[in-house]
Structure formats: structure tokens, C-alpha cells
Protein chains: 2
Amino acid sequence: MSARPTLIHVAELAGVSLASASRALNGMVASPETVAKVRAAALSLGYIPDATARSLKLGHSLQLAFAVDDVGNPVYVEMMRAIETVVRGSGYRLQVSSTGTDPAETVDLVRSLARGYADGLVISPLRVTDELIVELKRAAVPVVVVGTLPDTVQLDTVQTDSARGVGLAVAHLVESGRRRIGFLNGPLDTTPGMSRRRGFVEAYAAHQLAPAAGSVQEVAADFTVAAGRRAALDLLSRHRDARGALALDALVAANDLLAVGAIHAALELGLQVPEDLAVVGMDDTELAGFFNPGLTSVSLGSAERGRHAAELLLARLSDPARPTRRIVVQPTLVVRASTQTDPTPEGTVR
Amino acid sequence: MSARPTLIHVAELAGVSLASASRALNGMVASPETVAKVRAAALSLGYIPDATARSLKLGHSLQLAFAVDDVGNPVYVEMMRAIETVVRGSGYRLQVSSTGTDPAETVDLVRSLARGYADGLVISPLRVTDELIVELKRAAVPVVVVGTLPDTVQLDTVQTDSARGVGLAVAHLVESGRRRIGFLNGPLDTTPGMSRRRGFVEAYAAHQLAPAAGSVQEVAADFTVAAGRRAALDLLSRHRDARGALALDALVAANDLLAVGAIHAALELGLQVPEDLAVVGMDDTELAGFFNPGLTSVSLGSAERGRHAAELLLARLSDPARPTRRIVVQPTLVVRASTQTDPTPEGTVR
DNA sequence: CTGTTAGCGCCTTCAG
DNA sequence: CTGAAGGCGCTAACAG
């Protein structure tokens, strides 16, 4: 393999100058025969323009980035699809980065991404550290945050009221006749974990639910099915008496993955869902619709949030001076079989 | 906002030369006081080095790319995690691109990605067109393909024998006493679709299964749950007589997503899984383990394939001249509740 | 240890 | 319509 051909080689082979070659390939003014010669030369050499050099010269890369903690979570996949739908056609390409749970990694990623590799960034961080905020603000390219930030931070933001979402879940369970409601949360050092906990505590008080013996709250190690199963196993065994009777009749999980883990745990313990234990998830991901039993879930409008985020980013890209916006998407409840004991489960598959 | 500070501004403010500023920031030889001055200047200006310029000069970006048709498919998530595990620590960062089903998009992506934005690429394409192969071969950076390529193509490759995988599934069902086995495939213009079909036809012949009335094969529109449900609905209704009796007692699905869709369809029709219909998936994704009922699935070693792909890529990066390798990962069967009528379903959650 | 200089590959005025 | 020349921001020789 010889070295990659550059525009110089193409120009030489075509017998024209570098400038003419560039113009010919980019559709600028050039005589038809020059275009033909240059095209032929480029083809025979297998010439591909260097994106890096192009970006440096042009000042943009036509790439946008979407950064999340865990692409394995379907909620981010839905967001990504929505973002991509908006972005496509505007000439940008989207690339996804999975940052992992380490906040330092996220900061690191933002730093490098936001300086050259992408023209804009949508980020949905689980853990918002001060350092991350600093980095987000000084990023060289526009950043849109999907999630909650301190009010003082001036950044385009799309958020949801997940505390209210938990409230919807609890209210639905209370209406369905459940009173001994447990809460399966994710890590408390995350923004979603914090706000969901607040939502649960408030709802618990509002409905005057009596605290059971032992805490009805359990914190999973992360927002995954495996962690949800383990935490649910702990929570459920803690609330079982010697005869195996369960002191809990419902569970609100902080997201669908945890909810699925919880259902799995319940089934392992020989419990029936929803008869013995009703389960509500959050995010209303595709998973909720096709799981068995169908999972009642609080939609946090992930697709809508993604769409808004992409639109905000595009808008800022075309007008860097526009005032920052903060969009709030309201949660809605989607009822399925996991909380319905009557015989008509809503076999919806979307 | 003023223009972004460059290294020149830092150097000026620190009262040193451009070169010294560069050296000071990159930890090259420099006097302690120079380092201090430059650091201070950089900090006060909020200087961030331009990644594009750096890449152009250095000739590499320290970024690797993983391109798949649909990041929504958990099999790719597992591959990605494995790749990331290998790549991390070698100094590269991984970015993911979801190309969508359009082969032209994929070609386009390879073209741009493989010229500047990344130093290497792992790609797992569903549809391998001649044009894609051409593009893969002429890519300016090393490419590793996860999937099957024509034998003549000289590229590092990691593949699996999915035809044999289908064979394992059919054999298991036959051993479990099933004889009227249907096949739920993905699109036939995809590499996996083609090879799985071959596997099914061969297995069908090998076990001397009698063809039922009407085709026992059905092709879903794509490899998703929704498409699987729809196709399964078609297939199952076609094999039901007027009294509702099912002429099929088992289904092999081309991946876990289709299998889940099929189970959903079966339940909608009032069938019991596995009593009325046993279902086998492929890929043995996390989904298979926590679905209800647990999904028997043929593992195609997605994590292992990802690991191999990453290692091949790293190896080629450090030695571009090494001979190309072709690694084959063998499928294995993982039995769970969806094919077991006896009362001990293997509630495994991994 | 430091400053000067020459590019990385490309696009784009500016003259011709 | 074409060619020559000047950078985009950075790093790596090369002298001093």
C-alpha cells in the first residue's frame, strides 16, 4: 500500500493546479474538460478527501454528537432516533458516545468532543457535577442538555418533571386499591435518582400512606435490569413475614429496566404480577409495551425530548446569539397489564 | 463571545513563543517557570486545544468507530461493550454510528468515517453490497468486519456460523418432541437472513420434517419486535384450522427481538408458551435472560465477536502489514423456559 | 531550554 | 476560467 493520495496527486495526474482540482471536485466554476480530467484522475487514484483537513479549513465538521451514560438503556435509543430524525436532512451526521458512569469520563469526553470533532452536542448526563457544568459552558460548540440543571446555568435544556411522574404512578396505584407501595430507585447521586425520590416521598405523604415496617425504598446499584432484580429481591424479602406473606402490594420503579428486573425477582419468589404485586415502570420504552405482562409505565416523552433537543441545537447552530431556552416535557401514565387485575390486559405492541 | 483562543493567544499572553507554549502544555521539555506561565495563561483564557488541527498535524485522531445498522438491537449493544472494554486503556475513544437500513447510507458513512474522523472502524453490516465492499477495501483506515464476506475479500473478519446456529435450535426442538417447526426470519436481502434460511432448510431436511400445508417460513420486514409480532401473527393464523387448532408446535426466530415479537403474538392469540408453542431466539441477548418466559436462544457470541473485532483492529493499527485474519465464533444453545414444558424453568438472570 | 520555521491537506481570495 | 499563495491551529524538527 502506498501513501494515500492527496489532492496534489490528483492535480498532478490531471495536469492542472491544486486549486483547479479542488474547484472541479467541489462543483465550483471550472471548465467541463477540467472537471472531467480531475474526476478521472481522482477516480483512478481512489482519492478521498481528508475530512480532518477539510474541517480545519472550513471550521466545521458537519458532525453532531449525542452523549449518554449507557446506550444499553432503550430510553436513550428512543431519544437518539428522534434526534437523528430531526438532524437528518440538515446535512449533519450524528454519532453516539457512551460515556459510562464515571463523571470524569464524561467531562473528558465533552472536552474533546466539544472542540473540533463535532459542531454541536446533545448530552443527557446521569450525574451532573460542577466540573461538568463548567465544561459544558465553556465548550467551544453549542451544547443542549437533556436533563435537569441548576437554574443559574444558562444553557439550552430539555427536561421532564420526573418527580411528578412518580406522583402519577403512585396515584394510579392508590386508585387501583394498592396501599403498601414500595419504591425501587436508582443511585441517589444521579439527577434522576434524586428527583424521583423526592417525587415518591411527596406522593407518599400526599396519599397519607402509612410507612411499613422497614423502609419501603430500595436503591439499586445502577439503572439496569440486573441491578433492579437484585435490589427488588432485597426489598421484597425484607417485607415478607415468616409465612411468606408480602407486606407490599405494589412497586414503583425508577425506570423500565429496574421494573423488568423487579418483575423477574417477583416471579422468582413465586409471586404473581399484578395479582400479588403491581409494578409500574418509568420511561415507557418499547420494552414496556412488549414485556409480559405488559408494563404500566410513566412516559417521560423520551422521543419528544430528543426531538426538542435536536431542534434547539439546530436553532442555536444557525443563531449562536439567540437566548437560551428551557423546555419542559410533562409525564403521562400509560396503563398496561402489570397493574391491572381485571381480565383485559391491553396487549399493546407499538 | 469573542473568538476562541488559540495557542498563539496563550503564547502571547504568557510572553513565550508558540513552540514553547505547545511544549509546556504537552509535557515536553520546558522550564518550570515557562510551564507555570503558559498554564496560567491557558487557564485565564479558557484555552482548549483544537482537536481537528491536532489530528491533521499528528495524522491520527485517537478515535475508533463502531458502525451498525440499528443500535436499538441489544446484540450490538453487547458487541459495543466488549469492543469498548478492549479499546479503553489503549488510548482510543469509541464512537458509535447507527447507519439505518439504507446501504447507501452505510457506504456514505464508511467513506467519511474512514477518512479522518476515525483511526479505525469496526462495522457489522446487515446488507453487504458490492459497493460497500469496495468502500471497505479502499478505506484509508483499518476496517474490521463483523459478519460474513465473500471469501475473496481480504479483510480482517469476525464471523459466526449462524446456519449452524439455526441447526442447533431445530435439533433442540426435535429432541424436545416438536416436529411441526416454523421459522420466523428477517429480510432475505441481508446476510444474516440468507444464512439463517440456509440453516433452516438444511436442518429441516436433515431431520426429515414433513412440510406442513403452506410454508412454515415467514419473513419479517426487519429484525425488530414489532415486525416479529406482525410476521408471527401472519404465520400462526395461516397454520390454524377453523377450530383454532395450531398446525405448528414450535418456532425458530432469526433473533431475540423477532422471538419476543413472536411470543407476544402467540399470547395475543391465546396460545401458551411453551405448552402450545415453543419458541427459540438467536443472539442470546440480555433480553432473552430476563424475558418472561425466559427465552431459549442460540448464542452467537456477540461479546466474544466484539472482543475479537476490537483486538484485530488494535493489532492492525499497530502493524498495518500483518496478514488478514478471519475468526469464526461457534454458536451454542442456551436453554430456558420458552422451550421447556417441565416445571423447572431456569429463571436465569445474568 | 527556547524561538524560528516548515508543513499536515485543504479551500479561497487574489491576480492573471 | 485558471494558477499561485496564504492560511486554518497545531506539532516537530532545527538551530541557537
### Query
Would you say the side-chain atoms of A:Asp119 pair up with the backbone N or O of A:Leu62, donor to acceptor, closer than 3.5 Å?
yes
### Query
Does B:Asp50 pair with B:Arg4 as a salt bridge, N-O distance under 4.0 Å?
no
### Query
Could A:Glu33 and A:Lys37 be called an ion pair, given the rule that one side-chain N must be under 4.0 Å from one carboxylate O?
no
Could you tell me how far apart [X] ([atom1]) and [N] ([atom2]) are, to the nearest whole angstrom?
X	N	atom1	atom2	answer
B:His60	D:dT11	NE2	P	10 Å
B:Lys57	C:dC10	NZ	P	15 Å
B:Ile8	D:dC8	CD1	C1'	10 Å
A:Arg4	C:dC10	CZ	P	13 Å
A:Leu18	D:dG7	CG	P	16 Å
A:His9	C:dC8	NE2	C1'	13 Å

### Task
Establish, from distance only, whether the side-chain atoms of B:Ser55 and A:Tyr117 form a donor-acceptor pair under 3.5 Å.
yes
### Query
Base, sugar-phosphate, or nothing: which does A:Leu56 touch, judged by heavy atoms less than 4.0 Å apart?
base
### Query
Does A:Ser17 place a side-chain N or O at less than 4.0 Å from the phosphate oxygens OP1/OP2 of D:dG3?
yes
### Presence of A:Arg54 side-chain N/O under 4.0 Å of C:dG9 phosphate oxygens OP1/OP2
no
Closest nucleotide among [options] to the [X] side chain:
X	options	answer
B:Val16	D:dC10, C:dG3, C:dC10	C:dG3
A:Ser20	D:dG9, D:dC8, D:dG3	D:dG3
A:Leu7	D:dA12, C:dG9, C:dC11	C:dC11

### Task
Please check if atom CG in A:Asp319 has more than 12 non-hydrogen atoms from other residues, nucleotides or ligands closer than 6.0 Å.
yes
### Query
Do other residues, nucleotides or ligands put more than 12 heavy atoms under 6.0 Å from the CG atom of B:Leu58?
yes
### Query
So how far is it from A:Thr160 OG1 to A:Arg305 CZ, rounded to the nearest 0.5 Å?
5.5 Å
### Given DNA chain C, 5'-ward residue of the pair B:Leu58 and B:Gly15, judged by closest heavy atom
B:Gly15
### Task
Give, ordered by number, those residues of residues 22-38 of chain B having at least one heavy-atom distance below 4.0 Å to an atom of DNA chain C; if nothing qualifies, reply none.
B:Arg23, B:Ala30, B:Ser31, B:Thr34
